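Here is the structure we will look at, set down as structure tokens.
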Amino acid sequence: MDDLFGHGPGNDDDGDDDAPAAARTAGGGGNTSPRGPLAVRMRPRTLDEVVGQQHLLGQGSPLRQLAAGAGADTSGPAGPTSLILWGPPGTGKTTLAHVIARGPGRKFVELSAITAGVKDVRRVMDDALTARDLYKTTTVLFLDEIHRFNKAQQDALLPGVENRWVVLVAATTENPSFSVVSPLLSRSLLLTLRPLTDGDIEGLIQRAVADPRGLNGKVDLTGEALDHLVRLSGGDARRALTALEAAAGVAFGDADDAGEGPVAVDLKHTERALDVAAVRYDRAGDQHYDVISAFIKSIRGSDVDAALHYLARMLEAGEDPRFIARRIVISASEDVGMADPTALQTAVAAAQAVQLIGMPEGRIILAEAVVHLATAPKSNAAYMGINQAVADVRAGLGNGIPAHLRDAHYPGSKQLGHGVGYKYAHDAPHSVATQQYPPDDLVGRDYYKPTGNGAERDIAVRLERLRKLVRGK
């Protein structure tokens, strides 16, 4: 079992597990200790091993040039560019920093914005200047969670970045436009990392199972267990590998030590290791459509508890929260409508907030929108109204436009009778003028029929008065 978790031979220890958290230096560009976690042991050593982010890894890209050691002499005009990596957790920000640090003549230093202060930054800058001038070594400074640095701490980075004493690789999960000071942002190249796809995560897990740095073929992962790990990862590579390592540990604990060959890791092992039951959910099959259907119908039926259940079910199964948010926006107009006009505002705000914040906090925003819609008064009057109007158009009704409503701004329009007799509504009492608006064959057709629910009670009364005034009844 020592071999399984990397305690045996064949692993190179080029890191220092005992380095302080505030500043860790690794000359080889990363900690791949044989006793380290699986996620650390499987950290890519070259850009070709990086999973995902292919939009940033094309030939000739800044990342390729940095990793290859282009411009290693920071004193020259071709010195390497500092980077700000923006993306969700587990998408490879730390990994890219380690790969860059493996270039020739590089030294890797890591700071955490949670524990480091201005003194730590200045010390790194002084050491980097010495390393550059005396030893021709470029310091790659990886600063995790730079958005936690205040303005003074970020300003302390400026001399080293501007004078290229260091190659700064700063990571953040928040929009740098709001969390990084402008001078530092303007001196760095901003790269946006995308969430890893299910295919990326699946390939990463399978590589970790087979790779000598990983589980070295000591386990046999079943399809169900693999699917469960992919779903629970939420596009986070680190989370996926941590979960795999925990499930393998449970499987080895159950296995007979006398047995030969790889140990099977199945669904029960992943469930026990992670204390999370596998959710039966196929994002591309019947479950996807059945659960979202039950979710929308529960909102429509004003069963807030059932709606929250289906929301949780989709989120735990790894459904895209943006898909759920879009369905909530549709429900706000289709099922709540004008009975509570603020429901659409809540739904749109929730969709935008989920896009900005992401998961897991996005579940709170979605839950608020679901509670609002499920408990709101319901009306599909606007939905039915547009459907009836579309049906009439498709049936060929609505011929022409009344002449007094036609455009009268171009030469010759008056001679055609366009705009003649038009009544400007704001000149009439209550800003409502009596005149014909629909085509002749649709006069008197009522598409919008408000209910007596919620805000539509008042709308119905006002609409009746408006129709009488407009139609002259």
Side-chain angles (χ1 to χ4, degrees), residues 1-19 21 24 26 30-45 49-52 88-92 94-95 98 196 198-281 316-318 359-360:
M1 189 167 172
D2 282 349
D3 288 340
L4 169 68
F5 294 104
H7 296 176
N11 292 288
D12 296 327
D13 185 355
D14 59 357
D16 180 8
D17 283 339
D18 299 323
R24 183 173 295 121
N31 181 358
T32 56
S33 166
R35 297 183 180 275
L38 178 62
V40 175
R41 303 201 310 271
M42 287 302 300
R43 179 166 286 152
R45 293 163 294 189
E49 294 182 3
V50 173
V51 173
T91 52
T94 306
T95 290
H98 279 277
L196 299 182
D198 287 354
D200 292 334
I201 296 295
E202 183 174 328
L204 180 68
I205 292 173
Q206 291 174 334
R207 182 196 299 175
V209 168
D211 197 293
R213 290 181 296 157
L215 304 184
N216 199 25
K218 301 292 186 180
V219 300
D220 183 11
L221 194 64
T222 67
E224 281 189 326
L226 176 61
D227 290 343
H228 191 204
L229 292 174
V230 170
R231 289 174 184 168
L232 287 179
S233 71
D236 186 325
R238 188 183 303 108
R239 185 186 303 173
L241 293 177
T242 300
L244 170 63
E245 187 171 28
V250 172
F252 262 79
D254 290 348
D256 183 357
D257 291 338
E260 295 182 358
V263 172
V265 178
D266 57 25
L267 184 60
K268 68 181 181 182
H269 297 127
T270 62
E271 290 180 321
R272 284 170 54 197
L274 307 173
D275 195 26
V276 178
V279 180
R280 305 297 179 182
Y281 190 86
E316 286 300 298
M359 296 297 289

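From a predicted model like this one, the values you see are computed outputs, not experimental measurements.
- To the nearest 0.5 Å, the span separating CG on L244 from CD on Q206 amounts to 10.5 Å.
- Rounding to the nearest 0.5 Å gives a distance of 12.5 Å between NE2 of H269 and CG of L229.
- We find the CZ-CG distance between R238 and L196 to be 11.0 Å, quoted to the nearest 0.5 Å.
- Between the side chain of H98 and the backbone N or O of T95 there is no donor-acceptor pair closer than 3.5 Å.
- Looking at heavy atoms from C-beta onward, E245 lies in side-chain contact with R41 at the 4.5 angstrom threshold.
- Partners of D211 by salt bridge (Lys or Arg N to Asp or Glu O under 4.0 Å), not counting sequence neighbours, listed by chain and number: R213.
- For E202 (side chain) and D198 (main-chain N/O), no donor-acceptor pair under 3.5 Å exists by modelled atom type.
- With sequence neighbours left out, the side chain to side chain donor-acceptor pair (under 3.5 Å) criterion links D227 to no other residue.
- For L204, the side-chain contact (heavy atoms from CB on, under 4.5 Å) partners two or more places apart in sequence, or in a different chain, are V51, A237, L241.
- Taking the side-chain contact (heavy atoms from CB on, under 4.5 Å) definition, one finds that R239 meets it with D236, sequence neighbours left out.
- In this structure, the side chain of N216 does not engage the main chain of K218 through any donor-acceptor pair within 3.5 Å.
- Listed by chain and number, the residues in a side-chain contact (heavy atoms from CB on, under 4.5 Å) with V263 are A251, F252, A255 (sequence neighbours excluded).
- One distance of note links CG of L221 with CG of L267; it measures 10.5 Å at 0.5 Å rounding.
- Listed by chain and residue number, D220 satisfy the side-chain contact (heavy atoms from CB on, under 4.5 Å) test with P262 (two or more places apart in sequence, or in another chain).
- Taking CE of M42 as the reference point, atom CD of E49 lies at 7.5 Å (rounded to 0.5 Å).
- A heavy-atom distance below 4.5 Å is not found between the side chains of E224 and T270.
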